[in-house]
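First comes the structure, then the notes that go with it.
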Amino acid sequence: QLEQPQNHLKDKDDSFLMRRSAVHLIHDLLYSTGFDLLPFEYNYDKLKTLLSYVRDQDEDYMVCEQIDKLLTVLDSL
């Protein structure tokens, strides 16, 4: 059973799963290879801005938690 956002409705879009997966994938790529496998357009500043925006806007606490960890990895690179 996946944890669902607090205000999740049965007929609501399940796009939170894709956001969780995307953040997890970015985390794995950065943790293992740094910026080497990411497209050139997604440099440190752009990625940090994008992740911070999603962190502020998303209602899914797991996405926000994963983004916090990812931002910590970004700051250590």
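Residues: numbered from 1 along the sequence shown.
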Once rounded to the nearest 0.5 Å, what's the spacing between atom CG of L37 and atom CD1 of I26? 12.5 Å
If you define the side chain from C-beta out and look only at heavy atoms, does anything of L38 sit under 4.5 Å from T33? no
I67 side, atom CD1; R20 side, atom CZ - distance, nearest 0.5 Å: 11.5 Å
Looking at CG of L47 and CG of L74, how far apart are the two atoms once the value is rounded to the nearest 0.5 Å? 5.0 Å
Do Y42 and L50 have side-chain heavy atoms sitting under 4.5 Å apart? yes
L71 to K48 - nearest heavy-atom pair and separation: CD2-CG, 3.9 Å
Taken to the nearest 0.5 Å, the spacing of K69 NZ from H24 NE2 works out to 10.0 Å
Could you see if L17 belongs to whatever hydrophobic cluster contains V63? Use Ile, Leu, Val, Met, Phe, Trp, Tyr and a side-chain cutoff under 4.5 Å. no
Under 3.5 Å, is there a donor on one side chain and an acceptor on the other for D58 and Y53? no
Residue pair L70 / H27: nearest heavy atoms and the distance that separates them: CD1-CA, 3.5 Å
Tell me if a side-chain donor or acceptor on S52 pairs with a main-chain N or O of T49 at a distance below 3.5 Å. no
Hydrophobic cluster identity match, L29 and V54, side-chain contacts under 4.5 Å: yes
Can you name the nearest heavy-atom pair linking E41 to K46, along with the distance? O-CD, 3.2 Å
Before you tell me yes or no, could you show the steps for L30 and F35 under side-chain contact (heavy atoms from CB on, under 4.5 Å), namely the whole-Å CA-CA distance, both residues' side-chain angles and the distance that decides it to 0.1 Å? CA-CA 6 Å; L30 284 177; F35 287 96; 4.0 Å; yes
Atom CG in D60, atom CD in E65: separation rounded to 0.5 Å? 9.5 Å
From Y31 atom OH to L77 atom CG, the distance as rounded to the nearest 0.5 Å: 10.5 Å
